[in-house]
Each structure stands twice: as C-alpha cells, then as structure tokens.
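Source: prediction; values computed, not measured. Counting starts at 1 for both ligands and their atoms, in listed order.
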Amino acid sequence: MKTVKVTLKDGVNWVGVVDWNIRDFHGYVTNRGSTYNAYLIQDEKTALIDTVKNTFADELVQHITELTSFDKIDYIIINHVEMDHSSSVPLIATLAKNARIFASQRGKEALIDHYGPEFGRVETVKTGDELTVGKKTLRFVEAPMLHWPDSMFTYLVEDKILLPNDAFGQHLATSERFDDEVDEHVLMEEAAIYYSNILMPLAPLITRKIQEVVAMNIPIEMIAPSHGIIWRKDPMKIINAYLNWSAGATKNKVVIVFDTMWHSTDMMARAIADGVASQGVDVKLVKLRSSPNSEAITEVLDAKVVLVGSPTLNNQMFPTLSSFLTYATGLKPKGKLWGFFGSYGWGGGAVRSMIEMAKKAGFNVYEPGLEIKFVPDNDDLKKCMEFGRQIAQKI
Ligand code: FEO
C-alpha cells in the first residue's frame with residue numbers, strides 16, 4: 001500500500017508498485033527485489049504511462065484511484081509489452097473505458113499477440129510524434145531492442161522528464177523513489193547488475209540510442225525508468241555509466257568463474273588467482289553453485305580477462321559451466337580474453353568442450369588451456385600460478 005504520494009513534478013506522479021519478494025526475474029537473481037513503475041500525468045487530459053505486473057494490479061488500481069477516477073483517464077501509453085509492464089493493461093483498459101491506447105507499431109502487434117484482437121484498436125506512434133495533454137506534451141522516441149523490438153521512450157517535453165521504460169532501470173525494492181534518497185553505491189551496483197543481465201548484448205544499440213537522444217538536444221532533468229529508482233539528482237550519472245558499459249570499458253581485472261567436485265578445480269582456481277594477483281592485477285573468484293550466473297556475469301562486465309574452470313564429468317564440462325557459458329554467449333560480453341582450465345580423472349574433456357563452446361560463440365580464446373589430472377600436487381599448483389601470471393601479463 002502506498003502511504004505517501006510520490007510526485008516527480010507538478011501533475012506527474014508515480015503510481016507503480018514495489019515487489020519486495022521477487023528473487024528470480026526469469027533466471028536473473030534479484031537479491032534486492034524490484035519495482036514496476038507506472039506514472040500518471042494529469043493536466044487538461046490524463047495519461048497513464050505503462051502499467052505493472054498483473055499480480056500487483058489491485059495496488060496499481062488503488063494508486064491511480066487516489067489521484068483520479070478511471071473514467072477521467074484519456075490516454076494509456078504502452079512503452080513496452082513485456083509482461084512485467086503490460087500484464088495489467090487488459091484490466092486497466094477495461095476500467096479506463098474512455099481511454100485511447102498508444103504504442104509503437106511493434107507494440108501494437110505484441111499487444112494483440114499477448115492479449116487478443118481487441119488490441120487492434122491501439123493507435124501507433126513513431127519517433128517525433130507528440131500528444132498534447134494540456135500544458136504538457138508527450139513526445140515519443142522509438143527504442144527498438146531496449147529491451148524488445150516494441151520498446152519506446154516517452155519524453156515529457158515541458159517537465160524535461162524521460163520515461164525510458166527498461167533502460168536505466170535497476171531491480172531494487174525500496175521505500176524511497178529517488179536517487180538522492182538511497183545509498184549511491186547500492187544504486188550503481190544494482191544498475192550495473194541490471195545492465196549486465198538485461199542490456200549487455202544490446203551495447204551497440206544503446207550507444208547509438210543515447211547519441212540519438214543527445215542529438216535531439218532535449219534537456220533531461222529527470223529519468224524515470226520502469227524499474228527501481230528515479231534519477232533526479234544527477235541523471236547524467238546513469239547516462240555516462242551506460243556509455244562506459246556499452247563502450248566495453250574495463251578495469252585491470254581478471255574474473256575466475258569455476259565449479260568443483262572434489263576441490264581439485266577449486267585448488268587450481270586459487271593458485272591461478274595467486275598468480276594473477278602477483279602481477280598487481282585485481283582478481284575475483286566466483287564459484288558457481290554458490291553464486292548464480294547473474295552474479296558471475298556482473299563480474300565479467302568490467303573484467304579484461306575471464307578464466308573459466310571446470311572439473312570433468314562424463315567427458316564434458318560440469319553442467320553449471322555449461323549453463324554459465326550458455327548465459328554468457330547470449331549476453332555477448334565484448335572485448336574479453338577468455339582462458340580455460342580444469343581437472344580430470346582419466347579421459348578429460350572439460351577444457352576441450354569449454355574451448356569449443358567459446359570459439360563457437362566467437363570469444364577471443366587464450367590457448368592452450370590448463371588441465372590437471374586428479375588432485376594438483378605442488379608442481380601442478382606452480383603451473384597454475386604460472387598460468388595466472390601469464391594471463392595477467394596479457395593485460
Ligand atoms: Fe521490464 Fe523488458 O521488461
């Protein structure tokens with residue numbers, strides 16, 4: 001239940017919901033929950049921008065009702081059809097029976113595909129189109145693939161507020177709504193996790209879209225995404241972070257992602273880490289089965305080198321490594337050097353199968369990989385340290 005009205009600017013209110021409990025967002029582990037943000041614009045006309053996940057529809061209805069009655073809603077703007085934002089649209093469209101609905105052309109098609117032919121009445125908008133709601137103007141900017149082909153941004157011209165839906169969001173449940181009210185470190189950490197797990201494969205599009213918005217010369221005083229905190233203190237902070245991340249900015253850092261059965265690969269990972277650290281390079285170890293893929297990929301974001309270690313199970317890599325490499329392949333981290341190591345008992349196969357998978361994905365692979373039979377002895381651990389030293393020297 002909302003207890004405090006959240007006003008961005010006069011006539012612009014947050015009517016979203018906080019999902020304190022979600023820990024699995026289609027496979028992305030959301031340790032700090034999330035929010036589904038919707039916004040109500042009230043002027044001579046009333047416009048609702050986006051809705052929320054339908055399990056929270058009652059709360060959205062209540063928040064809107066605190067500000068207006070549904071028969072006064074003139075426009076419903078659907079910036080993105082993924083169900084965390086649109087699954088309350090059928091209910092809201094029924095309640096707001098006078099409202100015209102607007103989406104991009106692909107948004108209209110996706111609404112029909114999700115919710116049926118009655119959404120054939122959706123009106124389509126494209127980049128540069130405007131809708132006047134009184135003294136306020138909504139301007140639309142198509143943003144395909146940020147996050148789906150249908151995605152678009154809505155810009156409140158007079159209030160200088162950008163509503164970019166998924167872009168610039170974070171999965172962060174809090175009772176606060178603005179960047180100046182929360183711990184900045186937590187906010188940027190969640191923004192980086194969100195970028196890594198959702199937007200990383202779209203890096204070239206992000207760079208181009210930000211350049212396009214900058215070229216429009218539209219002032220942005222506030223960025224109000226559809227997840228998490230609203231950027232009002234320093235909206236350029238998240239724009240610059242996105243430009244850095246999408247440009248592939250890295251630190252002198254090696255991340256070692258591994259799993260282990262009887263600790264041989266664990267011993268190798270630690271010795272390799274010592275070798276990396278001996279060269280003054282930052283190193284992070286992430287053991288799968290203790291940490292989810294979403295955490296591992298976040299560590300990959302700013303690393304120059306990714307080392308992946310696996311024990312051999314039935315002549316293959318261990319299943320958690322297969323899962324991680326599948327996840328990483330889809331997210332397409334750019335500009336990394338990938339190295340592989342692991343242990344085996346008799347036939348081997350883990351390192352070979354990981355290298356094959358990485359090459360197929362187009363990753364830049366450091367060869368040869370390093371394999372140790374059964375339990376590493378002191379000589380083996382020295383080889384691991386040397387492997388780490390050599391990798392660190394590549395940075
Ligand atoms: Fe938050 Fe692509 O949905």
| Plane angle bin for His227 and Phe25 - parallel if under 30°, tilted between 30 and 60°, otherwise perpendicular | perpendicular
| said: For the metal site, I want the angle between atom OD1 of Asp166 and atom OD2 of Asp84 with atom 1 (Fe) of ligand 1 at the apex, to 10°. | reply: 170°
| Where atom 2 (Fe) of ligand 1 is the corner point, what angle links NE2 of His80 with OE1 of Glu82, to 10°? | 100°
| message | Over 60° means perpendicular and under 30° means parallel, so tell me whether Tyr195 and Trp245 are parallel, tilted or perpendicular. | response | tilted
| Do other residues, nucleotides or ligands put more than 12 heavy atoms under 6.0 Å from the NZ atom of Lys9? | yes
| request: Check whether more than 12 heavy atoms from other residues, nucleotides or ligands sit under 6.0 Å from atom CG of Asp183, and answer yes or no. | output: yes
| Is it true that some N/O/S atom of His147, main chain or side chain, lies under 2.8 Å from atom 1 (Fe) of ligand 1? | no
| Within less than 2.8 Å of atom 1 (Fe) of ligand 1, any N, O or S from His85? | yes
